[in-house]
Amino acid sequence: MLLRQLCQSDGLSQSALIERLGVEPPTVTKALGRLEKAGLVVRRRDPNDARVSRVYRSGTSCPAGCRVKAAPWMHG
């Protein structure tokens with residue numbers, strides 16, 4: 001779901017991802033750490049606000065991430 005959000009809007013802040021996914025901050029932080037370690041995303045400081053961390057897809061993550069569909073149980 002996280003990669004899917006980034007495919008739709010690359011460069012989201014971690015706060016925006018948390019809000020869009022409706023999960024707790026540690027959940028996104030841990031998921032981003034795993035995705036970053038796998039080379040699928042990179043985190044960068046916002047050039048206009050050093051307090052904000054933005055998340056970007058790596059060059060290889062979008063094609064797979066954009067094909068990811070939400071599990072039926074996630075639609076509420």
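V52 is not connected to V42 by any chain of hydrophobic side-chain contacts under 4.5 Å among Ile, Leu, Val, Met, Phe, Trp and Tyr, and they are in different clusters.
For L2 against A31, the heavy-atom pair with the smallest separation is CD1-CB, 4.0 Å. When all heavy atoms are compared, the tightest approach of P25 to I18 is CA-CD1, 3.5 Å. Nearest heavy-atom pair, G39 versus S58, reported as atom, atom and distance to 0.1 Å: O-OG, 2.8 Å.
R44 places none of its side-chain heavy atoms less than 4.5 Å from the side chain of S53. With a 4.5 Å cut-off on side-chain heavy atoms, L32 and T29 do not count as touching. Contact of the V55 side chain with the L12 side chain is not registered, since no non-hydrogen atoms from C-beta on lie closer than 4.5 Å. V41 has its side chain within reach of L3: a pair of non-hydrogen atoms, C-beta onward, lies under 4.5 Å apart.
We find the CZ-CZ distance between R54 and R45 to be 12.0 Å, quoted to the nearest 0.5 Å. Taking OG of S9 as the reference point, atom CZ of R57 lies at 9.5 Å (rounded to 0.5 Å). Rounding to the nearest 0.5 Å places CG of L21 at 9.5 Å from OG1 of T27. Separating the CD atom in E19 from the OG atom in S13 is a distance of 8.5 Å, to the nearest 0.5 Å.
Scored by the salt bridge (Lys or Arg N to Asp or Glu O under 4.0 Å) test, R43 finds E36 as partners (sequence neighbours excluded).
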